[in-house]
K.L.:
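Right, I'll just put the structure down here and ask away after.
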Amino acid sequence: MERGNQNRRILQKFQCHAHGPQDVIGIIQSMDDITLKDLVDRLGQRNLQTKFSITNGSSNVNVTFWDALAKSFVQQLKLRPVEEQVIIIITSLLIPNDLTEL
């Protein structure tokens with residue numbers, strides 16, 4: 001139950017900033033889970049997507065990149081294999097109103 005309370009506090013913090021672009025800094029939790037997915041939406045349009053989770057040490061946030069950004073991100077990670085933690089800075093992030101994922 002403690003984790004649920006912590007997540008609510010995190011979401012409340014983000015909710016205060018949901019009206020404009022934000023910067024987020026975190027450590028990618030698992031490099032193995034980062035893959036490019038090719039999806040087709042209900043209108044038949046192709047979309048590329050990658051999802052991963054980041055942490056600042058006290059909270060976790062799920063991140064989704066779409067299309068060109070997703071493709072570029074996954075390609076860059078494949079070009080530079082890493083054996084240590086990767087710190088990511090996401091600038092001008094628009095946080096959705098439902099705050100379930102970034």
Side-chain angles (χ1 to χ4, degrees):
M1 196 60 152
E2 176 61 34
R3 184 179 176 104
N5 290 336
Q6 180 183 9
N7 288 342
R8 276 192 285 283
R9 286 193 302 270
I10 294 164
L11 293 177
Q12 288 169 350
K13 180 179 177 185
F14 281 130
Q15 195 168 22
C16 295
H17 302 290
H19 300 292
Q22 299 296 306
D23 298 335
V24 176
I25 300 172
I27 298 170
I28 297 176
Q29 290 188 306
S30 175
M31 298 295 289
D32 298 332
D33 297 336
I34 300 176
T35 60
L36 191 63
K37 295 179 183 167
D38 193 359
L39 307 172
V40 178
D41 68 16
R42 61 188 165 138
L43 301 175
Q45 296 180 335
R46 180 177 176 235
N47 297 288
L48 298 174
Q49 176 196 69
T50 189
K51 289 185 171 189
F52 56 96
S53 187
I54 62 174
T55 183
N56 66 4
S58 63
S59 60
N60 302 328
V61 176
N62 294 324
V63 178
T64 303
F65 287 161
W66 292 96
D67 298 320
L69 181 57
K71 183 177 180 181
S72 174
F73 183 72
V74 170
Q75 287 175 340
Q76 291 300 313
L77 289 177
K78 287 182 181 179
L79 290 175
R80 298 184 182 98
V82 294
E83 296 179 15
E84 297 182 23
Q85 294 178 328
V86 174
I87 297 171
I88 185 168
I89 302 169
I90 306 169
T91 62
S92 303
L93 176 72
L94 295 176
I95 299 172
N97 289 333
D98 65 5
L99 303 174
T100 57
E101 289 189 353
L102 303 181

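None of the values given here were measured: they were computed from a predicted structure.
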K.L.:
Tell me the closest heavy-atom pair linking Gln29 and Ser53, and the distance in Å.
P.N.:
OE1-OG, 2.7 Å
K.L.:
For atom CD1 of Ile87, is the number of surrounding heavy atoms from other residues, nucleotides or ligands below 6.0 Å larger than 12?
P.N.:
no
K.L.:
Pick from Thr64, Asn62, Val63, Ile34: which one makes a side-chain contact (heavy atoms from CB on, under 4.5 Å) with Lys51?
P.N.:
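Result: among Thr64, Asn62, Val63, Ile34, Thr64 is the only option passing the side-chain contact (heavy atoms from CB on, under 4.5 Å) with Lys51.
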K.L.:
Could you give the distance from CG (Asp38) to CZ (Arg46), rounded to the nearest 0.5 Å?
P.N.:
4.0 Å
K.L.:
When you measure from the side chain of Thr50 to the backbone N and O of Thr35, does any donor-acceptor pair fall under 3.5 Å?
P.N.:
yes
K.L.:
Evaluate the side-chain proximity of Ile89 to Val24: yes if any heavy-atom separation is below 4.5 Å, no if none is.
P.N.:
no
K.L.:
Are Leu69 and Ile54 connected in the hydrophobic side-chain network, where two residues link if heavy atoms are under 4.5 Å apart?
P.N.:
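Yes, same cluster.
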K.L.:
Can you find a side-chain donor-acceptor pair between Asn60 and Thr55 that sits under 3.5 Å?
P.N.:
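Short answer, yes.
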K.L.:
What's the verdict on side-chain contact (heavy atoms from CB on, under 4.5 Å) for Phe52 and Val61, showing C-alpha distance, side-chain angles and the deciding distance?
P.N.:
CA-CA 9 Å; Phe52 56 96; Val61 176; over 6 Å; no
K.L.:
Spell out, yes or no, whether Ile25 and Ile27 are grouped together once hydrophobic residues are joined by side-chain heavy atoms under 4.5 Å, including indirect joins.
P.N.:
yes
K.L.:
Establish whether Met31 and Phe65 are linked, either directly or via other cluster members, by ILVMFWY side-chain heavy-atom contacts under 4.5 Å.
P.N.:
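Yes; Phe65 is reachable from Met31 via cluster members.
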K.L.:
Would you check if Phe73 and Ile88 make a side-chain contact, meaning some heavy-atom pair closer than 4.5 Å?
P.N.:
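Heavy-atom side-chain distance check passes, below 4.5 Å.
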K.L.:
State whether the side chain of Asp67 and the backbone N or O of Leu48 hold a donor-acceptor pair below 3.5 Å, judged by distance alone.
P.N.:
yes
